[in-house]
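Down below is the structure, laid out as structure tokens.
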There are 2 protein chains.
Amino acid sequence: MATKCKQCPLRLQHQFLPMSQDEVNAMQRFKVGELVVDAGAPILMQGSNSPQLFTALHGMGLRYKYLENGKRQVVNFILPGDFIGLQAGVMGEMGHSVEATTKMTLCVFDRSAIWNFFKDNPERAFSVTWLAAIEEHFLGDALATVGQRDALQSVAWALAKVYLRGQQLNMVSKSQMPLPFRQQDLADALGLSLVHTNKTLAKLRDRQLAQWSDGVLSIADIDKLAAIAMIEDTTVPPRPLL
Amino acid sequence: MATKCKQCPLRLQHQFLPMSQDEVNAMQRFKVGELVVDAGAPILMQGSNSPQLFTALHGMGLRYKYLENGKRQVVNFILPGDFIGLQAGVMGEMGHSVEATTKMTLCVFDRSAIWNFFKDNPERAFSVTWLAAIEEHFLGDALATVGQRDALQSVAWALAKVYLRGQQLNMVSKSQMPLPFRQQDLADALGLSLVHTNKTLAKLRDRQLAQWSDGVLSIADIDKLAAIAMIEDTTVPPRPLL
DNA sequence: CGTGGGGTTGACTGAATTCAAGTAGTGTGG
DNA sequence: CCACACTACTTGAATTCAGTCAACCCCACG
């Protein structure tokens with residue numbers, strides 16, 4: 001049965017900002033159901049005008065876009081708590097596709113209700129904007145990575161970033177977290193070839209900085225990795241949840 | 001003297017969505033003044049928590065961030081109508097710096113009033129989110145460019161994109177628009193070296209696809225350029241103005 | 001009239017891509 | 001039970017696109 005917002009397991013994690021009772025109720029009214037998709041299933045298509053918006057509850061996925069020449073850019077990895085479909089929600093068209101990498105559970109919201117949602121719940125509207133700003137911030141970082149970091153720094157950056165997010169989501173135990181993506185996904189996220197990504201991962205493994213195999217990422221010393229990645233601030237600020 | 005929102009020259013351009021009288025009044029109340037800065041002046045600093053937000057009225061500028069190793073990533077070019085400081089407004093910290101490339105005139109808004117602004121003007125709140133979504137869309141495109149396009153395609157993409165924006169802003173006449181940046185700025189935006197950017201510009205010039213010298217960009221056939229850049233849609237959708 | 005910023009060009013170097021081959025694990029069907 | 005196909009990952013060698021180094025030009029400016 002669909003999870004009630006009041007009982008939402010994500011909401012209580014300290015990474016997410018607390019919500020007032022009114023806000024929880026507003027989310028509950030905005031939520032029209034729950035969707036479970038299998039690994040590999042498409043969720044939103046680039047250029048589409050989806051009638052639905054989502055928040056990831058369980059599982060992981062990918063945002064990506066294809067170019068005319070067949071190359072794929074992975075925009076980012078989707079983890080629980082991520083809001084999906086903002087662009088369709090306000091602009092009416094997605095700039096990228098979204099697909100599930102593992103089996104996923106998603107809260108479903110009705111796109112056509114978003115205007116009333118904004119009107120009736122200014123705190124929640126502010127939270128939507130806040131999430132958009134966080135995404136913008138992240139994309140700026142990603143751009144700087146692909147544009148200015150070399151392969152070793154890039155891979156270190158990406159692994160450190162997911163690991164830090166994983167820590168906030170309580171997915172890390174004994175320096176390990178699940179990371180069910182393929183090397184090709186990471187390569188497409190960083191604008192590197194699969195071969196070079198593989199060799200770079202091997203280098204990080206040899207230097208005992210990060211190990212990623214069989215869908216499990218293991219990082220012994222996150223600060224050392226962050227130093228190589230030129231990440232200045234390893235704290236993850238709290239964020240709103242939709 | 002400060003421009004009244006009612007007389008805002010940008011508002012009437014067809015690229016910007018129309019605003020109701022109430023919305024114009026709300027903007028006027030939100031606006032605390034106007035700021036004129038000289039070419040080269042910093043407007044916002046990466047990591048800062050600015051008390052002010054801006055909309056560019058005249059002039060052009062740059063968003064950029066520096067990495068620890070001294071490399072600079074230009075995040076995008078700022079043209080009239082662009083909103084500046086969203087991240088500081090909602091998250092309390094800018095992810096990039098902003099500086100004026102030419103002399104600029106900026107509408108100034110009070111960051112601390114943003115919450116009431118959201119509460120009292122849901123249409124305007126929606127517009128802020130819309131702008132954030134547009135920016136997110138753009139950054140996704142930029143990421144795909146730096147990650148997946150080669151140098152020729154990248155430079156073509158960047159020039160075509162500004163040109164299309166320039167057209168919407170009535171800055172183009174006889175296939176020409178002002179583009180007062182340095183080649184280094186473009187290079188830093190695309191993750192290319194200055195030398196290679198220069199040679200790539202020469203290639204586009206030789207092929208009569210785009211000419212950019214003395215701060216003036218000239219494009220004879222935008223569709224041909226867009227084809228090289230793998231830009232699928234050369235229309236620029238209307239957007240809100242703050 | 002020197003100085004410095006921006007732009008241009010050629011020669012050399014190198015990081016990352018492409019090509020190629022091979023391993024390991026998994027699932028399928030004869 | 002084994003041959004086959006398929007996917008993900010791995011590794012070495014050859015190639016190339018883009019970076020670095022180094023000059024040089026032009027021009028605005030003090």
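None of these values were measured; they are calculated from a predicted model. For the numbers below, each heavy atom of this structure counts, side chains included, while hydrogens, waters and symmetry mates do not. To find a chain, count down the sequence lines: A is the first, B the second, and so on, and within it residues start at 1.
- Residues A:Glu34 and A:Thr3 have side chains that bring a donor and an acceptor to within less than 3.5 angstrom of each other.
- At least one side-chain heavy atom of B:Val155 sits less than 4.5 Å from a side-chain heavy atom of B:Leu192.
- Using a 4.5 Å heavy-atom cutoff, the side chains of B:Gln153 and B:Gln148 are not in contact.
- Between the side chains of A:Asn76 and A:Glu135, a donor-acceptor pair is found at a separation under 3.5 Å.
- B:Lys161 has its side chain out of reach of B:Phe77: every pair of non-hydrogen atoms, C-beta onward, lies at least 4.5 Å apart.
- Taking the side chain as every heavy atom from C-beta outward, B:Met45 and B:Ser97 approach each other to under 4.5 Å.
- Comparing B:Ala202 and B:Arg182 along DNA chain C, the residue whose closest nucleotide (by nearest heavy atom) sits nearer the 5' end is B:Arg182.
- In this structure, the CZ atom of B:Phe181 is 18 Å from the C1' atom of C:dG5, given to the nearest Å.
- Computed from coordinates, the B:Leu186 CG to C:dG6 P distance equals 15 Å when rounded to whole Å.
- As a whole-Å value, the separation of B:Leu190 CG from D:dG19 P is 10 Å.
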Along nucleotides 10-19 of chain C, 5' to 3', which nucleotides get a B, which get an S, and which get a -, given that the test is a protein heavy-atom distance under 4.0 Å? BB----SBBB
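- Side-chain N/O atoms of B:Gln183 include one lying less than 4.0 angstrom from OP1 or OP2 on C:dT8.
- Contact between the side-chain N/O atoms of A:Asn198 and the OP1/OP2 oxygens of D:dT10 is found at a separation under 4.0 Å.
- As a whole-Å value, the separation of B:Asp214 CG from C:dG5 P is 19 Å.
- Taking atom CG of B:Asp188 as the reference point, atom P of C:dG6 lies 12 Å away to the nearest angstrom.
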